[in-house]
Amino acid sequence: MASLAVVLADTHIPRRAKSLPEGLLPYLEAADLILHAGDLIEPSLLEELALYAPVRAVKGNVDPPNLGLPETLQFGFGDARVAMIHDSGRKEGRRRRLARRFPKARVIVFGHSHIPFLEDEGGLLLLNPGSPTDRRRQPEHTFALLRIERGEVRAEILVL
């Protein structure tokens, strides 16, 4: 049986948007899990997301300390090991640095840059979903889907 995660980061609610985009809602309704890679800002967003599916989230650099979120997470999802962190650091050396930090991970989700990124090489998938609400210098608002079925891991970045 396939497992589907909706992957978000950098929603910056309510600074950059008052709420999640309507186009995201059908994906949330279909999700088995929702991942948020930090910079939620508004704590009630976690409660809103949890109405759709279980949520795993890490603390972003502008999240309030009272959110109580961890800096990193590692967990099993379907047949894969997933790790999450908000800021992956500089682009140069990112893959090597993250592989050292999370040696058992098949998937590493991160945010911070608002730049969508998907790369699956050497048994390690790196995924930054971009932002569904604050595109900064990017042409589109984005989020990602992560599917895991019978040990096969696939991700895609979608435009809202």
Same apolar cluster: [X] and [Y], side chain cutoff 4.5 Å:
{"X": "L33", "Y": "M84", "result": "yes"}
{"X": "L40", "Y": "Y27", "result": "yes"}
{"X": "L28", "Y": "L4", "result": "yes"}
{"X": "V6", "Y": "L73", "result": "no"}
{"X": "V58", "Y": "F117", "result": "no"}

If you measure from [atom1] on [X] to [atom2] on [Y], what distance do you get to the nearest 0.5 Å?
{"X": "K18", "Y": "T133", "atom1": "NZ", "atom2": "OG1", "value": "11.5 Å"}
{"X": "I108", "Y": "R95", "atom1": "CD1", "atom2": "CZ", "value": "8.0 Å"}
{"X": "N128", "Y": "S88", "atom1": "CG", "atom2": "OG", "value": "7.0 Å"}
{"X": "L158", "Y": "L160", "atom1": "CG", "atom2": "CG", "value": "8.0 Å"}
{"X": "D39", "Y": "H112", "atom1": "CG", "atom2": "NE2", "value": "7.5 Å"}
{"X": "I85", "Y": "K59", "atom1": "CD1", "atom2": "NZ", "value": "12.5 Å"}

Exercise: identify the closest heavy-atom pair between [X] and [Y]:
{"X": "A57", "Y": "L69", "result": "O-CD2, 3.8 Å"}
{"X": "D10", "Y": "S113", "result": "OD2-N, 4.4 Å"}
{"X": "A155", "Y": "L118", "result": "O-CD2, 3.3 Å"}
{"X": "H86", "Y": "A37", "result": "ND1-O, 2.6 Å"}
{"X": "D79", "Y": "I148", "result": "N-CG2, 3.6 Å"}
{"X": "L146", "Y": "V82", "result": "CD2-CG2, 4.5 Å"}

Any side-chain heavy-atom pair of [X] and [Y] under 4.5 Å:
{"X": "H114", "Y": "D134", "value": "yes"}
{"X": "F110", "Y": "R94", "value": "yes"}
{"X": "L8", "Y": "P132", "value": "yes"}
{"X": "F77", "Y": "L35", "value": "no"}
{"X": "L20", "Y": "L45", "value": "yes"}
{"X": "V62", "Y": "I41", "value": "yes"}
{"X": "D87", "Y": "N61", "value": "no"}
{"X": "Q138", "Y": "P116", "value": "yes"}

**Request:** Show your reasoning for whether side-chain contact (heavy atoms from CB on, under 4.5 Å) applies to R106 and D120.
**Result:** CA-CA 9 Å; R106 170 64 178 97; D120 192 358; 2.9 Å; yes

**E140 versus T142, side-chain donor and acceptor atoms under 3.5 Å** =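 Result is no, nothing qualifies.
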
**Asked** Taking atom types as modelled, is there a side-chain donor on H36 or T11 under 3.5 Å from an acceptor on the other?
**Response**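 T11 and H36 do have a side-chain donor-acceptor pair below 3.5 Å.
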
**Asked** For E121, does the CD atom have more than 12 heavy-atom neighbours from other residues, nucleotides or ligands under 6.0 Å away?
**Response**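 Above 12, so yes.
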
**Request:** Look only at the side chain of R97 and the backbone of R90, and say whether a donor-acceptor pair between them is shorter than 3.5 Å.
**Result:**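 Indeed, once roles are kept as given, a pair shorter than 3.5 Å links the two residues.
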
**Message:** Using a strict threshold of under 4.0 Å (side-chain N to carboxylate O), is an ion pair present between R147 and E152?
**Reply:**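 Judged by the 4.0 Å cut-off on N to carboxylate O distance, E152 and R147 do not form a salt bridge.
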
